[in-house]
Amino acid sequence: MTKQMDKRYEHATKEKEIYSMWESSNLFNPENTNKIRKENSLPVKGESWSVLMPPPNANAPLHCGHATYSIQDLYTRFKRMQGYSALYVPGTDHAGFETQVVYERNLKKEGKSRFDFDRKTLYENVLNFVKENSDVAINQLKRLGMSADWSRNTFMLDEHVINIVYETFKKMHADGLVYKDYYMVNYSPYHGTTFSNLETEHKETVSPLYYVNYKIKDTEQAITVATVRPETIFADVAIAVNPEDSRYKNIVGKICINPLNGREMPLIADSYVDPEFGTGALKITPGHDFNDYEIGKKHDLEVISSIDLEGKMNENAPEVCGVFATKARTLTADLLKEKGALVKVDEKYVNNLLVDYKDGKPIEPMLLPNWFIKMDELAKKAAEKVKNDEVAFNLPTWKKQTLDWLENIRDWPISRQTVFGIQIPVWYCATENPNMRVVFIDSNGETKDGSISDLVSQGYKISEINSGIQKLITGKDSKYVLSVDSPGDDYIQETDTFDTWFSSGQWPLTTLHYPNGNDFKAFYPTSLMDSMWDIMFFWITRMIIFGVYLTGEVPYKMVYMHGRINDAQGRKMSKSLGNVINPIDWVDKYGADALRMGILVGGNTAAKMSALSEDKVRGYRNFSNKIWNMTRFMNLMFDEYEASGGTVPVYSSNLLVVEEDTAILERLNTVIKDTTDLLESYRIKEAGDLVYDFVWHEVADVYIEQVKNREDKSIALSVLRHVMSTSFALLHPFMPFVTESVWEYMRMETTLPLIVSNWPTSA
RNA sequence: GGGCUCCUAGCUCAGCUGGUUAGAGCGCUACAUUGACAUUGUAGAGGUCACAGGUUCGAGUCCUGUGGAGCCCACCA
């Protein structure tokens, strides 16, 4: 008699027990599982198989999207059972900017801001903030059943990670791929940092359109220009019209007068200007507009800035100097009106305002010195690999999109003005760069702002400046030394940090300890990369770029793009809709297996979206219970038969089976083959559906009913045990907990846990 | 403006390279339930596969167009 089974499958207690059994037996570690399989005479392939976890934000709870990590776990379990040296490498991210934003919100509640701290203190505070709850994500991932090797857990700010990132930067610098330049960047005065193009959005906004007259020099004529940003007129340097525009042909080449400051500006012709739009005349402000900057370069125009880094008007706009740009807009309009230059205002004009993706706050295009990576050569090499199918994609569209992006790539601005991140390893000598501007908190707690030479002559020591530094602003041509540690007492380190994607783009290298680590040798390139399509360009493509650049190989052989998990009605989950599902709630309620099945089989992970409903998850909870009760019933039959003196032989093909047995065994054989093939071709849903249907509607509904009436119980039970244990093994990657739970009730000779048992093979 | 995807039962979706009476889960209806499971079983209703053309012996599946939904990229002052 085996021990009694509960009437129901109690997922809450079972899942806890099972996971700690796996963990304490070290069954997620490929070296150990290989050893165990060998000891048990199970086949071990020499080959390794690996997948990296896209690092969730360390201290934030998981959202439903993270439940898709089940895909990674599914394949790890599948490959582990097939005898590969299967490794799932976990990790968490510092999520630099994201985390800093959250931290700053907390500061705001305390009535403080980032400006109250020097750089170092602020960094330490944010890091502690992250560390306080750094295991939130990890513990929840364990609840989902992730069989990741936690002994290899990597944090994005681990020392070895930072070192690799530094080495890469040095190599890129040595290869001439790094440069510093003034560049029109997406600057957010609100966040105090720049954003990459990928991190900005356009938001439809009603903005008044102002029609402004610019007088033409030595005539009574004027040219009218429409603009939504009159405050930038202070920085206007030209007016452009389309060369084909007959209305303006006779005035091209003349000089017009800036209505605010009287600057003499050329009237130029450029085909960029759309004669149909507005008045057909465009003011050119290279200091505050991306397109104008390009036109300005083409026509060799001066770049003037009228807005500073805090979003306030500067000395080039004396009438409104110190006023925030948005406010200055109406003030400037009033000024124009006074001067008789304002023709009319269209109050209902709708345009697309550039904002940041995080808070939707306006972006100010600004000319700032920035560190860049030259992308053309890097992208070209990566594109070649993609073109040659050195990496596979689960859908052809992802290959196409990757190539499109790689072929139209622009240089990558990698400096961010956030504190929480990996500081760029560049140092500036104070004496060689006397004009660098420094903002720092001195030993009296006062914030000082000025050029380094002025501050030194006021008696400040470089050491004092260094310890209280907040921000260093250097020019494009400032002299610098590339170094991780300070090259001397006279040096100040660059305060900019790397874009988070610069470090996470090297995730396959950092987690595996490139270039000399054992894991790098054993597991690179990895086998699978699974991610949602929204970070295709941020992350997936950049990992390819870094991987190819440093190792000559794409860091993974296969990219599986999964879709977004929507609510039951197919709507995107969002706080404002109030339809956000906490995945852990459903793990509590229905079990991790049920949630995993809801994602993996209830929807199609490869589709762009997939709806997740509570009904579905409940349905799969019922399936868990079905599995449990099938096992329970099999045990009751075994007990009864054995109590009457019978013995059930281990199944073998020599058994004298009847027609009913042959039928189910043949089906089992087909199911093994099809499930394996479907999984190998990444058709997860179909594989899961197949086993689900077989277990419930063929084994339980039909075969078990037949067994009830069988006279030859020994044969029937032997076949039943074989069919059940085999199909539960097929189900294990989908529903690891319940299948492992019933495994010990299979009355088999082996005590080997299912997780390291053999993947069934068809006859 | 450029590119892409989707439209199959009340709901959420499968149907891969075209081939028997179009499938699943949930929901619904009726019945059953004295060896496990009511988190159960059996049976059933329900679809002119968005629409219109075309290719084909044959189209949900391929092509063209129309309508609807959505996504990505770029962005007009």
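Throughout, a chain's letter reflects where its sequence line sits, starting with A, and its residues are numbered from 1. Worth knowing before you read on, the calculation uses all heavy atoms, side chains too, and leaves out hydrogens, waters and symmetry mates.
- One finds no side-chain N or O of N291(A) lying less than 4.0 angstrom from the OP1 or OP2 phosphate oxygen of rA77(B).
- A close approach under 4.0 Å does not occur between any side-chain nitrogen or oxygen of W628(A) and OP1 or OP2 of rU39(B).
- In this model, the phosphate group of rA77(B) is approached by a side-chain N or O of Y349(A) to a distance below 4.0 Å at OP1 or OP2.
- Across all strands shown, rU34(B) has no partner, as no Watson-Crick or G-U wobble contact with both distances under 3.5 Å is found.
- If you measure from atom CD1 of I565(A) to atom C1' of rC13(B), you get 13 Å, rounded to the nearest angstrom.
- Spacing between atom CD of E705(A) and atom C1' of rG41(B) amounts to 8 Å, rounded to whole angstrom units.
- What separates CZ of R571(A) from P of rA69(B) is a distance of 18 Å, to the nearest Å.
- The pair R8(A)-D6(A) does not meet the salt-bridge criterion, since no charged nitrogen lies less than 4.0 angstrom from a carboxylate oxygen.
- Phosphate contact (OP1/OP2 of rC37(B), side-chain N/O of K7(A), threshold under 4.0 Å): present.
- Aromatic rings from W628(A) and Y745(A) are positioned such that their centres are separated by under 6.0 Å.
- The OH atom of Y9(A) sits 19 Å away from the C1' atom of rU40(B) (whole-angstrom rounding).
- Close to rU39(B), at under 4.0 Å from its OP1 or OP2, lies no side-chain N or O of N629(A).
- Atoms CG (N604(A)) and P (rU5(B)) sit 16 Å apart, rounded to a whole Å.
- Look at rC71(B): its Watson-Crick or wobble partner, with both distances under 3.5 angstrom, is rG3(B).
- Across all strands shown, rU12(B) pairs with rA24(B); the Watson-Crick or G-U wobble distances both stay below 3.5 Å.
- The distance between atom NE2 of H697(A) and atom C1' of rC37(B), rounded to the nearest whole Å, is 14 Å.
- In a base pair of the Watson-Crick type (N1 to N3 plus N6-O4 or O6-N4) or a G-U wobble (N1-O2 and O6-N3), with each distance short of 3.5 Å, rU29(B) is matched with rA43(B).
- A donor-acceptor contact closer than 3.5 angstrom links the side chains of H562(A) and D530(A).
- Whole-Å rounding puts the N351(A) CG to rA77(B) P distance at 5 Å.
- The partner of rG65(B), taking Watson-Crick or G-U wobble pairs whose two distances both stay under 3.5 Å, is rC51(B).
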